[in-house]
Amino acid sequence: MSEPDDDQREFDIKWADQAEHKEPSARARMLAARWKENPPEPVPFRGEPEHVGPRRSSWLSTVIVLGCVAAVILILGYTRFQAPY
C-alpha cells in the first residue's frame, strides 16, 4: 500500500540525479558483457573516404545559383512586361 505522501511527492531529474546508485541501461549491460569476452578494436576518429570525385569550386556553385536567380527574375519581369493590362 502506498503512503499518503506518495501522491504529493515530486519525482524530477534533480531527485534522480541525487540517487546513490544508478543502474546502467540494458544496452550498457549488454555491451559490457559482450566486450568482456571480445573487446572492440580501436577505430580511427574519421575513416578515410573511399573515393572522392573532383570537387566543384565554391565560386562555380555560387555563379550557377546566382545565374539561375537572375534568369528567373528576368523571365518573370519579361512576362509581366508583356502581359496586357
Side-chain angles (χ1 to χ4, degrees):
M1 193 132 217
S2 66
E3 297 177 16
D5 198 27
D6 282 348
D7 294 336
Q8 297 172 353
R9 190 174 294 165
E10 185 175 327
F11 298 103
D12 58 1
I13 192 70
K14 292 178 188 174
W15 176 83
D17 286 341
Q18 293 173 356
E20 292 180 21
H21 175 73
K22 294 179 183 175
E23 184 177 333
S25 67
R27 178 170 173 76
R29 291 191 308 265
M30 178 201 65
L31 290 174
R34 182 185 300 170
W35 291 346
K36 186 182 262 185
E37 296 174 8
N38 188 13
E41 295 180 17
V43 291
F45 177 69
R46 288 190 181 174
E48 294 295 321
E50 294 289 326
H51 179 275
V52 177
R55 290 189 61 176
R56 234 188 311 185
S57 167
S58 64
W59 284 106
L60 180 61
S61 298
T62 304
V63 168
I64 290 172
V65 169
L66 291 178
C68 291
V69 169
V72 168
I73 290 172
L74 289 174
I75 290 171
L76 291 175
Y78 180 74
T79 57
R80 187 169 190 110
F81 182 72
Q82 294 293 326
Y85 289 100

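Please read these numbers as outputs of a predicted model, since none were measured by experiment.
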The side chain to side chain donor-acceptor pair (under 3.5 Å) partners of Glu41 (sequence neighbours excluded) come to none

Please identify each residue that fulfils side chain to side chain donor-acceptor pair (under 3.5 Å) with Arg34, with sequence neighbours left out.
-> none

Could you list the residues that satisfy side-chain contact (heavy atoms from CB on, under 4.5 Å) with Pro39, not counting sequence neighbours?
-> none

side-chain contact (heavy atoms from CB on, under 4.5 Å) against Ala32, all qualifying residues, sequence neighbours excluded = none

With sequence neighbours excluded, tell me which residues meet side-chain contact (heavy atoms from CB on, under 4.5 Å) with Thr62.
-> Leu66

Side-chain cluster (under 4.5 Å, hydrophobic types only) that Leu31 belongs to, other residues | Met30, Trp35

